[in-house]
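Quick note: residue numbers are just sequence positions, from 1.
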Amino acid sequence: MSHTNNPLSVTRRRFGALAAGTLVAGWSAGAHAQEKVVRIGYQKYGTLILLKNKGLLEAKLKPLGYTVRWAEFAAGPQLLEALNAGAIDFGNTGEAPPIFAQAAGAPLVYVGYEPAAPEGEAILVPKNSPLKTVADLKGKTVALNKGSNVHYLLVKALETANVSYTDIKTAFLTPADARAAFERGAVDAWAIWDPFQAAAETTIEARQLTNGTGIVSNYQFYFSTQSFVEKAPDVVDAVLAGVAEIGAWVKANPKAAAAEFSPLIGIPAPILEIALARQQYDVKPITPAVVAQQQQVADAFFKLGLIPKEIRISEAVRALKS
């Protein structure tokens, strides 16, 4: 009888194949389990892109057995959409994007913040615009990136000037599209942040109706997800330590930092030096006072119907420190 038709041989071959397949599958699963990665979302401007370029984080994470995977995003809202979808584990944005994300059910956790930088965002008008104050925006069209930090600046600036948010028209555009619309006169004003703000002020002599001074704090926040904070708190701490290290370098070397940013953003270094001088590159633990200010942002957006439900910022904070 041939081995081909021997039931015992067939059974042995099947068992052998099954065992081999199980071994391969087990090895693959084990290899996958050993692959520990933190996925970080960054924007073209900010501490995280410098952290990426300098490669400091990779060295900090190596002892923890982690590698880094970087992903670039056009702005904060898009970055937090990715965090909500489970595509990244860590990132940073301004004040407004996390409000919209939390209201949409994103499992974000505030893990740190940069001190206030109110001069780093503004409402601009063309240099020859007849508009002189924020009150003059009534009935006018303002370009802005929906859900970005300048969205809150616009809301509060109008409130301060006793103008209703519904008394203006909004054109929700990315920074590049907003700049184009602004230059061709398709909008009357533009709410924008640095370095795009500094570029417009320098190259086309755009004029400030107001910046955030006395109106908003313009914090930058760092985020992770609840699951990643629980799974790898030491990795979160290592990333924040890297951010702090880069922030200290930027403050001590603004010209070098501007030169490094320039090719990444396509903005000349002298303009970036202006923008860098308006930031507070540092990272600190979230405090009750910062939570209270962020809650004001959330409450304002809910009151205006910009988010569908009330949210509690304190429910999305890693830890409060006084």
Validation row: [X], [Y] side chains within 4.5 angstrom (heavy atoms):
{"X": "Leu304", "Y": "Thr166", "answer": "no"}
{"X": "Val142", "Y": "Val187", "answer": "no"}
{"X": "Thr93", "Y": "Phe73", "answer": "no"}
{"X": "Ile88", "Y": "Ile40", "answer": "no"}
{"X": "Tyr66", "Y": "Leu57", "answer": "no"}
{"X": "Leu209", "Y": "Thr133", "answer": "no"}
{"X": "Leu272", "Y": "Ile265", "answer": "yes"}
{"X": "Glu58", "Y": "Val68", "answer": "yes"}

Quick check on the hydrophobic clustering: are [X] and [Y] connected, directly or via other members, by side-chain heavy-atom contacts under 4.5 Å?
{"X": "Val291", "Y": "Ile307", "answer": "yes"}
{"X": "Tyr281", "Y": "Ile274", "answer": "no"}
{"X": "Phe302", "Y": "Ile99", "answer": "yes"}
{"X": "Tyr42", "Y": "Ile246", "answer": "yes"}
{"X": "Leu173", "Y": "Leu154", "answer": "no"}

Given Ile286, Val283, Val239, the one that forms side-chain contact (heavy atoms from CB on, under 4.5 Å) with Tyr222: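 For Tyr222, the side-chain contact (heavy atoms from CB on, under 4.5 Å) check succeeds only for Val283.
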Just by modelled atom types, is the [Y] backbone N or O under 3.5 Å from a matching donor or acceptor in the [X] side chain?
{"X": "Thr225", "Y": "Pro107", "result": "no"}
{"X": "Gln295", "Y": "Ile311", "result": "yes"}
{"X": "Thr170", "Y": "Phe172", "result": "no"}
{"X": "Ser148", "Y": "Asn145", "result": "yes"}
{"X": "Asn218", "Y": "Ala116", "result": "no"}
{"X": "Ser129", "Y": "Val125", "result": "no"}
{"X": "Arg207", "Y": "Leu131", "result": "yes"}
{"X": "Asn253", "Y": "Trp249", "result": "yes"}
{"X": "Gln102", "Y": "Ala298", "result": "no"}

CA sep, side-chain torsions, deciding dist, call: Thr47, Val250, side-chain contact (heavy atoms from CB on, under 4.5 Å): CA-CA 8 Å; Thr47 311; Val250 171; 5.9 Å; no
Residues Tyr219, Gln293; criterion side-chain hydrogen bond (donor to acceptor under 3.5 Å, both in side chains); working and verdict: CA-CA 10 Å; Tyr219 290 127; Gln293 288 193 46; 3.2 Å; yes
Sub-6.0 Å ring centroid separation between Phe301 and Phe100: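 When the ring centroids of Phe301 and Phe100 are compared, they turn out to be within the sub-6.0 Å range.
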Tyr45/Phe261 aromatic ring centres below 6.0 Å: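 Yes; Phe261 has its ring centre under 6.0 Å from that of Tyr45.
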Give me the atom names and distance for the closest heavy-atom approach of [X] to [Y].
{"X": "Pro98", "Y": "Gln294", "answer": "CG-NE2, 3.6 Å"}
{"X": "Leu137", "Y": "Ala189", "answer": "CD2-CB, 3.7 Å"}
{"X": "Ile49", "Y": "Gln43", "answer": "CB-O, 3.7 Å"}
{"X": "Leu276", "Y": "Ala257", "answer": "CD1-CB, 4.0 Å"}
{"X": "Gln226", "Y": "Val109", "answer": "OE1-CG2, 3.3 Å"}
{"X": "Thr213", "Y": "Pro118", "answer": "N-CB, 3.5 Å"}

Are the charged groups of [X] and [Y] less than 4.0 angstrom apart, N to O?
{"X": "Glu260", "Y": "Lys54", "result": "yes"}
{"X": "Glu201", "Y": "Arg278", "result": "yes"}
{"X": "Arg69", "Y": "Asp89", "result": "no"}

Going from [atom1] on [X] to [atom2] on [Y], what distance comes out if it is rounded to the nearest 0.5 angstrom?
{"X": "Leu83", "Y": "Phe223", "atom1": "CG", "atom2": "CZ", "result": "8.5 Å"}
{"X": "Leu108", "Y": "Ser224", "atom1": "CG", "atom2": "OG", "result": "9.5 Å"}
{"X": "Ser217", "Y": "Leu153", "atom1": "OG", "atom2": "CG", "result": "11.5 Å"}
{"X": "Leu50", "Y": "Leu264", "atom1": "CG", "atom2": "CG", "result": "7.5 Å"}

Derivation of the side-chain contact (heavy atoms from CB on, under 4.5 Å) call for Phe228 and Val235: CA-CA 9 Å; Phe228 195 81; Val235 173; 3.8 Å; yes
Tyr110 and Phe221 aromatic ring geometry - parallel, tilted or perpendicular at 30°/60° bounds: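 Because their plane-to-plane angle is over 60°, the rings of Phe221 and Tyr110 count as perpendicular.
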Exceeds 12 heavy-atom contacts within 6.0 angstrom, atom NZ of Lys284: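 Not buried by this count: 12 neighbours or fewer within 6.0 Å.
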Asp136 and Lys140: CA distance, side-chain angles, deciding distance, side-chain contact (heavy atoms from CB on, under 4.5 Å) verdict: CA-CA 8 Å; Asp136 295 333; Lys140 305 300 183 183; over 6 Å; no
Is a side-chain donor-acceptor pair under 3.5 Å present for [Y] with [X]?
{"X": "Gln208", "Y": "Asn211", "value": "yes"}
{"X": "Asn149", "Y": "Glu121", "value": "yes"}
{"X": "Tyr165", "Y": "Glu159", "value": "no"}
{"X": "Tyr113", "Y": "Gln220", "value": "no"}

Test side-chain contact (heavy atoms from CB on, under 4.5 Å) applied to Asp188 and Phe182, step by step: CA-CA 7 Å; Asp188 300 292; Phe182 184 78; over 6 Å; no
Selection residues 171-180 - residue pairs positive for side chain to side chain donor-acceptor pair (under 3.5 Å), sequence neighbours left out: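 Every side chain to side chain donor-acceptor pair (under 3.5 Å) pair that includes a residue of residues 171-180, provided the two are not neighbours, is Thr174-Asp177, Arg179-Glu183, Arg179-Thr203.
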Residues that Lys138 engages under side-chain hydrogen bond (donor to acceptor under 3.5 Å, both in side chains), provided they are two or more places apart: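 For Lys138 there are no side-chain hydrogen bond (donor to acceptor under 3.5 Å, both in side chains) partners, ignoring immediate neighbours.
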